[in-house]
Amino acid sequence: FDDNRSQIDALQTGVLDYIIKIPDDLVDSANRIPEVTVVNRPTNTHPVIRLLTDEGSIGEDPRIRQAFKYATDRELLNIDALGGNGVVGNNDPIGPVYGELYNAVENRSYDPERAKALIADVYADGGGNGFIVEVNGEPRIQVPFYVGDTFEYGLVAEFIQQQWADAGIDVDLNVIPESVYYADNENNWLNTQVGMTAWGARPTPQEYLSVAYTTGAAFNEARWSNAALDALAAEASRTSDPAARAAIYARISQIFFDEGPIIIPYFRPVIGAFSNRVRNLDMHSFPGRTDFRRVRLED
């Protein structure tokens with residue numbers, strides 16, 4: 001099909017029986033079609049907003065990391081970007097789809113005044129690595145923000161830019177094609193001071209830790225190093241008992257909460273739709289793994 005709207009029209013007229021992924025802006029249209037069932041399956045797909053944390057970077061001081069968290073209204077982002085269909089994220093990449101391995105550590109509540117106070121504290125201490133400037137007598141962060149143009153993330157970045165401005169954080173927003181964002185350049189996803197990156201679902205949560213959040217990991221885009229997290233991640237990788245591993249992940253979640261350099265606004269669902277003549281279809285959260293062996297069509 002040339003466009004997404006044509007898929008919805010084809011479902012309505014009976015040309016199609018099943019669409020595995022409906023764009024977020026067309027979910028309401030699908031819901032209005034008689035004789036069509038819309039299914040929402042949670043996934044661990046998520047955008048990661050992250051700050052560089054190595055020496056001289058924007059996020060070197062943990063207070064700045066906390067300021068960005070207080071400056072972000074995750075509940076509103078889920079509503080504005082996904083119509084409330086996602087699951088609000090916490091502070092680490094292990095989402096609710098992992099069942100008992102998920103640990104719902106309470107978020108930093110949206111508090112722009114608290115964010116401003118933290119920024120002012122860092123500025124008063126002579127910190128900020130040059131990213132805090134005084135504007136009309138108020139210390140404000142000024143930093144570039146690079147976003148790969150994936151899913152609805154460009155729109156989310158615009159909402160975030162507005163939220164952060166109310167909390168004393170001014171960002172120069174750059175929404176760029178994925179081919180540029182992930183290319184080898186000065187401001188790519190591994191180099192820019194503040195970035196937002198698309199992360200897909202993984203079979204186990206351990207993979208996120210090993211490839212993105214332990215010291216020296218190949219895709220540690222925040223350049224974050226935390227010895228306690230490294231030790232816990234290694235311990236989790238050797239632990240086969242689910243309850244014991246869940247307890248380790250709970251400790252890791254607390255480290256993300258206290259010191260982590262990332263914000264996860266929400267975990268994206270995958271939304272599909274099928275005509276009511278389809279029977280026994282249980283769409284998998286990764287649609288390509290849906291079991292069709294019992295599925296049949298009724299005239």
Side-chain angles (χ1 to χ4, degrees), residues 47-74 89-93 105-147 157 160-161 163-174 186-197 209 212-217 219-233 251-265:
V48 171
I49 303 161
R50 64 100 187 109
L51 284 63
L52 287 184
T53 60
D54 51 356
E55 184 177 357
S57 65
I58 178 67
E60 181 180 5
D61 192 316
R63 290 175 293 178
I64 294 297
R65 304 174 208 166
Q66 299 298 356
F68 274 83
K69 293 177 184 179
Y70 281 118
T72 307
D73 189 339
R74 307 178 200 209
N90 286 313
N91 306 278
D92 67 78
V105 173
E106 183 179 355
N107 277 322
R108 304 285 179 185
S109 58
Y110 176 58
D111 190 342
E113 294 305 315
R114 177 63 177 149
K116 288 181 180 180
L118 286 165
I119 294 167
D121 287 346
V122 174
Y123 184 69
D125 292 342
N129 294 328
F131 293 102
I132 304 177
V133 299
E134 197 166 319
V135 179
N136 297 325
E138 176 189 38
R140 298 183 67 87
I141 290 176
Q142 294 189 343
V143 66
F145 180 26
Y146 281 79
V147 178
I160 290 171
Q161 182 184 37
Q163 290 182 7
W164 286 354
D166 292 337
I169 301 170
D170 301 318
V171 293
D172 175 20
L173 178 59
N174 301 269
E186 180 181 359
N187 292 309
N188 76 352
W189 73 297
L190 295 172
N191 294 323
T192 184
Q193 290 291 325
V194 181
M196 184 161 74
T197 305
L209 302 176
Y213 297 108
T214 50
T215 301
F219 302 123
N220 186 339
E221 56 182 310
R223 301 179 193 163
W224 187 38
S225 178
N226 184 290
L229 185 145
D230 292 346
L232 288 169
R251 295 165 64 189
I252 289 174
S253 292
Q254 190 64 49
I255 294 173
F256 272 102
F257 179 81
D258 294 333
E259 303 178 35
I262 66 170
I263 299 165
I264 296 177

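The model shown is predicted, which means the values in this text are computed figures rather than measured ones.
Just one of I49, L118, I141, I119 meets the side-chain contact (heavy atoms from CB on, under 4.5 Å) condition when paired with F68; it is I141. The side-chain hydrogen bond (donor to acceptor under 3.5 Å, both in side chains) with Y146 is formed by just one residue from the set N187, D172, T192, N188; it is N187. Among the candidates I262, I255, N226, I252, the single residue satisfying the side-chain contact (heavy atoms from CB on, under 4.5 Å) test with Y213 is I262.
Remark: D230 engages T214, T215 in a side-chain contact (heavy atoms from CB on, under 4.5 Å) (not counting sequence neighbours). With sequence neighbours left out, the ring-ring contact (aromatic ring centres under 6.0 Å, His included) criterion links F145 to W164. Considering only residues two or more places apart in sequence or on other chains, R140 meets the salt bridge (Lys or Arg N to Asp or Glu O under 4.0 Å) condition with E138, D170. R223 pairs by the side-chain contact (heavy atoms from CB on, under 4.5 Å) definition with L52, D54, N191, not counting sequence neighbours.
Residue pairs that meet the salt bridge (Lys or Arg N to Asp or Glu O under 4.0 Å) test with at least one member in residues 124-133, sequence neighbours left out, are R63-D125.
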Name every donor-acceptor pair, under 3.5 Å, that has one atom in a side chain of residues 129-137 and the other anywhere in the protein, sequence neighbours excluded.
unit_1: N129; atom_1: ND2; unit_2: S57; atom_2: O; d: 2.7
unit_1: N129; atom_1: ND2; unit_2: E60; atom_2: OE1; d: 3.0
unit_1: E134; atom_1: OE1; unit_2: Y123; atom_2: OH; d: 3.3

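If you take CD on Q66 and CD on E259, they are separated by 9.0 Å, rounding to the nearest 0.5 Å. In this structure, CD1 in I169 is found 12.0 Å from CD in Q161, a value given to the nearest 0.5 Å. Atoms OG1 and CG, on T53 and D61 in that order, are 11.5 Å from each other to the nearest 0.5 Å. For the atom pair CG (L209) and CG (L229), the distance works out to 6.0 Å, reported to the nearest 0.5 Å. Atom CG in N174 sits 12.5 Å away from atom CE in M196 (nearest 0.5 Å). We find the OG-NZ distance between S109 and K69 to be 13.0 Å, quoted to the nearest 0.5 Å.
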Report task. Could you go through the side-chain contact (heavy atoms from CB on, under 4.5 Å) check for L51 and I64 one step at a time? Result -> CA-CA 9 Å; L51 284 63; I64 294 297; 4.0 Å; yes
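When all heavy atoms are compared, the tightest approach of A71 to A167 is CB-CB, 3.4 Å. The two residues W189 and R50 come nearest to each other via the heavy atoms O-NH2, 2.6 Å. Taking both residues in full, the closest heavy atoms of P261 and A222 are given as CG-CB, 3.6 Å, listed atom of the first, atom of the second, then distance. Shown here for S253 and D92, the closest heavy-atom pair between the two residues is OG-OD2, 2.9 Å.
Annotation: cation-pi geometry satisfied between R108 and F257 (NZ/CZ under 6.0 angstrom from ring centroid, within 45° of ring axis).
A donor-acceptor distance shorter than 3.5 angstrom exists from the side chain of R65 to the backbone of G59, with no hydrogens or angles considered.
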